[in-house]
Number of protein chains: 2
Amino acid sequence: MLNTHTYENPPGSNSLSAPWQIDPVAAGRQCHGRLWSTLKEVCNLLHVPSSHLCGDEELLFQNVQFKSGQRIHAIGQAFDALHLVHSGFLKTVLIDEYGGEQVLHFPMKGDLLGIDGIHARCYASEVVALSECNLIVLPFKKLISLGKDHPELEDTIYDLLSQELVRKQGMAGMLGSMGAEARVARFLLAMAGRFEGMGYSGKLFNLRMTRHEIGSYLGLTLETVSRTLSNFNEIGWISVYQRTIEIKDQTALESLRRLPSSCSRPRKVVQGSL
Amino acid sequence: MLNTHTYENPPGSNSLSAPWQIDPVAAGRQCHGRLWSTLKEVCNLLHVPSSHLCGDEELLFQNVQFKSGQRIHAIGQAFDALHLVHSGFLKTVLIDEYGGEQVLHFPMKGDLLGIDGIHARCYASEVVALSECNLIVLPFKKLISLGKDHPELEDTIYDLLSQELVRKQGMAGMLGSMGAEARVARFLLAMAGRFEGMGYSGKLFNLRMTRHEIGSYLGLTLETVSRTLSNFNEIGWISVYQRTIEIKDQTALESLRRLPSSCSRPRKVVQGSL
DNA sequence: CGTCTGCTTGATCAGGGTCAACTCAGGTGG
DNA sequence: CCACCTGAGTTGACCCTGATCAAGCAGACG
């Protein structure tokens, strides 16, 4: 488009070897910060019991920093590493033929990026930072071979893939069967749960994404999202101030979680063998 | 292992006329059907290059038969095995709190069932046979340990998980952004492609599921599905007779694949790497 | 101070959901 | 053989949710 973007940071100025690395100088010269993570740290983020890990203290994974608006990887780009979110907020989007973008997820601390690149060896979605981000680079090959030495880690990898599948499955179910209010309510509760899981308040938090992005994620327009939030605000279920959300009646929100789909379908299924 | 595998049908020789038919005798009395499959056969179904497989000729996987309407597994049921579709048609459904069922997928030959059970060790969806089915049971532990000896197999497992992820991802994208006609068109094309991939006609095929199930899968009502099909029929893009579909203008259907979402969104993204 | 982007709110409209009537095919039993 | 029933599918009429269009406001930034 016509305007000059605000981030002047020249993307092509890195001199490092691997394509996923960014210029440490551009990232803010984080040498005294955490540029490398141990396997133990990775395991903690992934919620793997790291009790048996010893002798690998020297094993390090590189960290990379991204600023808000920067793209971690694009669709079609060659895949060779996953990224584990150490801190920050992001969005993963799908770009349909000719421009329209569809938000798929809002990864945050502990989430794994790039899983969809394993198949076909190139990323199937695009990931963009919504805030300053610190990501840990996990070269896929390295991760797999590590898994062979650490069964819990290997189990966890399968777990994570399967879990992500379940999540997307639920997402598809929701998009197919729930109305706008229920979608927004679920979204708010999900966000609350994730913040709580990270140790922050699940009652009062700050959304990092625009209404437009929320709408895209939920299969709604930004206007509908805005209106629904205003609604919830008026009836006192939540309090909205810009991107700050306060959950004031969680029970009420939860009660919305199923909505205008045909309820009580007859189910006629013969129990199979075994 | 106990095996009296008579095994008169070589794996490749599907001589039956229709893809959903299996030997009725075998379905009735399992002793005379193919009760066991070799690793090679499994690899073929999964499209793994099975060139290096030798010495494992004795390794067998049990087959199980299901009749139309039977349930392969229920939500919450303990997970210990995946199922590979050898023949037949099925649906996987999500049951939301209190009965409403949401169709997630229509697995057929070569598809893997139960992936969502890896995480949490219990199935997250329910699978029901839509026709006579012949499934190969792949105990998960066994499969993983096999993967350690056969790198291509291990790669394939990761591949399949990732691929399934990409599929559900695209599904979510579609549900969030496309109109009814585009969804139905995509569905028809997808079915055509899958039939073609199995060696059957991609122009003339028979849907195994009801309008209601299609609607649930696409996030539409059965009436909308029916109307849309009638529409396509009237304008000559397809021909519909009950569940038999003939694709008469594939190009036209493909041209529908993006629909009333906001087109041409401005994209302001700073390239992070490269 | 002007512009731009994000957000809110209102007015209008249409895609598709809902309800209902009817047809058709298959199955069952007298 | 036919009467009857059931479930799938089609089609029409109506209406509601949420998309679209449009105007106005607030905060960020040059």
Distance check needed: [N] [atom2] versus [X] [atom1], whole Å only.
X	N	atom1	atom2	answer
A/L207	C/dT8	CG	P	11 Å
B/Q242	C/dA25	CD	C1'	7 Å
B/M209	D/dG9	CE	P	11 Å
A/R183	D/dT17	CZ	C1'	11 Å
B/H212	C/dT18	NE2	P	11 Å
B/R211	C/dC24	CZ	C1'	13 Å
B/L220	D/dT17	CG	P	18 Å

Touch class at under 4.0 angstrom, heavy-atom based, for A/G219 against every strand present: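 It contacts sugar-phosphate atoms only.
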
Side-chain donor-acceptor pair present, A/N134, A/S87, cut-off under 3.5 Å: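 Judged by distance alone, the side chains do not pair up.
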
Among side-chain atoms of A/Q169 and B/D116, is any donor-acceptor pair under 3.5 angstrom?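 Note: A/Q169 and B/D116 side chains meet the donor-acceptor criterion.
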
Taking 4.0 Å as the cut-off, does a side-chain nitrogen or oxygen of B/R243 come that near to OP1 or OP2 on D/dA8?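 No.
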
Measure centre to centre between the rings of B/F195 and B/Y200, then say whether the value is under 6.0 Å.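 Ring centres of B/Y200 and B/F195 not closer than 6.0 Å.
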
I want to know whether B/Y217 and B/F106 have ring centres closer than 6.0 Å.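 Under 6.0 Å, so yes.
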
Spell out, as yes or no, whether a donor-acceptor pair under 3.5 Å connects the side chain of B/S216 to the backbone of B/V103.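 It does hold such a pair.
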
Geometric class of the A/H83/A/H73 ring pair [parallel <30°, tilted 30-60°, perpendicular >60°]: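 Tilted.
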
May I ask you to list the residues of residues 222-233 of chain B, by number, that have any heavy atom positioned under 4.0 Å from an atom of DNA chain D?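 Here the set is B/E223, B/S226, B/R227, B/S230.
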
